[in-house]
Protein chains: 2
Amino acid sequence: MPARSAADRESAARADDHRALRLWLRLLTCTQLIERVVRRRLRERFATTLPRFDLMSQLERNPEGLKMNELSRRLMVTGGNVTGIVDQLAREGLVERAADADRRAFRVRLTRTGRRAFGEMARAHEAWIVEILAGLTQRDHDGLLALLAKLKQSCSGPARRSEPA
Amino acid sequence: MPARSAADRESAARADDHRALRLWLRLLTCTQLIERVVRRRLRERFATTLPRFDLMSQLERNPEGLKMNELSRRLMVTGGNVTGIVDQLAREGLVERAADADRRAFRVRLTRTGRRAFGEMARAHEAWIVEILAGLTQRDHDGLLALLAKLKQSCSGPARRSEPA
DNA sequence: GCAGAATGCTTTAGGTTTAATCTATTCAAG
DNA sequence: CTTGAATAGATTAAACCTAAAGCATTCTGC
């Protein structure tokens, strides 16, 4: 018996559960399985965490730096949380706060050290993801990308009641 | 502070990012979007949290009760976490710890009160999920279910036995 | 100009989650 | 039986995350 994979949340769904619910549970399970592997490897190989990696990843994509609220929006976490993580990374010399025209704000940027450290992690991270998804064909990837795009649309659209569609 | 759908993690991926990485980021974004809605509604409507709901959901599927490590495995969270949540629910009279043959362990079960409370939440929860996924056709659901099943396989199987050097 | 509203970020307080460690019980080999 | 390894839960320290309140700066309408 495949001990671990047969005992998760979604496998246990009863036969009469509706299809939408099954889909949601399966989506959640997949995400958590991948997240767990990535978290563990980031910790073991690089002594860092997923939130820290994600934040640095955003900065790497925006060399000119990002404001705190932009980071907050992109990472989908609260501002206070971003403050804490940036504090950490700044203390370790991986990011820096640079003055902005708007004196209330500043831009957070990777330092040279941060850029080097992130580059190394990013290469490993991408290899892990490729490895984890190796069981799927190129065709599967395309299908999933398309369907998830549609799902994302379905989540974002109707959920925002404040905006008239 | 809700995330705008145009500025999340995955949208910002650069064009030259590899497909597997894009897929992973999109999967993560979808999960987080749905999770956020469900968490908020559970809090507003039922003054509870997603982990508490998930745990009760497992117990509802296993009326004879589950041991702590079984809960931990199915919910994919650590044992210490399960201890905390069971403590909470037991204090509120929603679950109970029943003695087991193995005196180190016990079985956690829903109480009558817990079963009634969960039933109400489960109906609402399922309706939310159906609503959130309403933008997808039946055909989309089937496609996603199949592809995610394959993805789950890909995560659980090869990633476990070969610990890369 | 100049109040008052809005924005950008931090702080605070409280709860959640994890990894590591600890205690008690069971199991298995002599 | 007895000793050592394995297992079931609980506990602890640190990281994470949130909501709400607070401070400083900028924007807007008059």
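Atoms considered below: every heavy atom in the structure, side chains included; atoms not considered: hydrogens, waters and symmetry mates. Because the structure is predicted, anything quoted here is derived from the model rather than measured. Lettering of chains follows the sequences in order, A, B, ..., and the numbering in each one begins at 1.
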Within this structure, what is the [atom1]-to-[atom2] distance between [X] and [N], rounded to whole angstrom?
{"X": "B:Phe106", "N": "C:dT25", "atom1": "CZ", "atom2": "P", "answer": "13 Å"}
{"X": "A:Leu50", "N": "C:dT16", "atom1": "CG", "atom2": "P", "answer": "21 Å"}
{"X": "B:Leu71", "N": "D:dA10", "atom1": "CG", "atom2": "C1'", "answer": "15 Å"}
{"X": "A:Met76", "N": "D:dT18", "atom1": "CE", "atom2": "C1'", "answer": "15 Å"}
{"X": "B:Asp100", "N": "C:dA24", "atom1": "CG", "atom2": "P", "answer": "20 Å"}
{"X": "B:Arg104", "N": "C:dA24", "atom1": "CZ", "atom2": "P", "answer": "14 Å"}
{"X": "A:Phe53", "N": "D:dC16", "atom1": "CZ", "atom2": "C1'", "answer": "18 Å"}
{"X": "A:Leu66", "N": "C:dC9", "atom1": "CG", "atom2": "C1'", "answer": "15 Å"}

Presence of [X] side-chain N/O under 4.0 Å of [N] phosphate oxygens OP1/OP2:
{"X": "A:Thr78", "N": "D:dC17", "value": "no"}
{"X": "B:Gln88", "N": "C:dT16", "value": "yes"}
{"X": "A:Thr49", "N": "D:dC16", "value": "yes"}
{"X": "B:Arg97", "N": "D:dA10", "value": "yes"}
{"X": "A:Asn69", "N": "C:dT7", "value": "no"}
{"X": "B:Arg103", "N": "C:dT26", "value": "yes"}
{"X": "B:Asn81", "N": "C:dT18", "value": "yes"}

Look at the side chain of [X] and decide which nucleotide, out of [options], has an atom nearest to it.
{"X": "A:Arg43", "options": "D:dT25, C:dA20, D:dG9", "value": "C:dA20"}
{"X": "A:Asp102", "options": "C:dG8, C:dT10, C:dT25", "value": "C:dG8"}
{"X": "A:Pro51", "options": "D:dG9, D:dC16, D:dT18", "value": "D:dC16"}

* Residue of the set A:Arg115, A:Glu96, A:Arg116 for which side chain to side chain contact (heavy atoms under 4.5 Å, CB included) holds with A:Leu110 ->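 Checked A:Arg115, A:Glu96, A:Arg116 against A:Leu110; only one passes side chain to side chain contact (heavy atoms under 4.5 Å, CB included): A:Arg115.
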* Atom CD of B:Glu120 with >12 non-hydrogen neighbours under 6.0 angstrom ->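 Open: at most 12 neighbouring heavy atoms sit under 6.0 Å from CD of B:Glu120.
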* To do: Nearest-nucleotide wise, let me know which of A:Ala101 and A:Ile85 is further upstream toward the 5' end of DNA chain D.
  =>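 Nearest nucleotide further toward 5': that of A:Ile85.
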* Between B:Phe46 and B:Phe53, does the ring centroid distance fall short of 6.0 Å? ->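 Not under 6.0 Å, so no.
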* Asked: So, B:Arg52 and B:Glu92, do they make that salt bridge, N to O below 4.0 Å?
  ->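 Yes.
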* To do: Select base, sugar-phosphate, or nothing to describe what B:Gly79 touches, counting heavy atoms under 4.0 Å on all strands.
  =>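 If one applies the 4.0 Å heavy-atom cut-off, B:Gly79 turns out to touch nothing in the nucleic acid.
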* Asked: So, do A:Asn81 and A:Thr78 sit near enough that their side-chain heavy atoms are less than 4.5 Å apart?
  ->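 A:Asn81 reaches A:Thr78 side chain to side chain.
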* Asked: Have A:Thr137 and A:Asp140 got a donor and an acceptor in their side chains that come within less than 3.5 Å?
  ->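 A:Thr137 vs A:Asp140: donor-acceptor pair found between side chains.
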* To do: Nearest-nucleotide wise, let me know which of A:Arg107 and B:Arg39 is further upstream toward the 5' end of DNA chain C.
  =>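 First, find each residue's nearest nucleotide; the 5'-ward one identifies A:Arg107.
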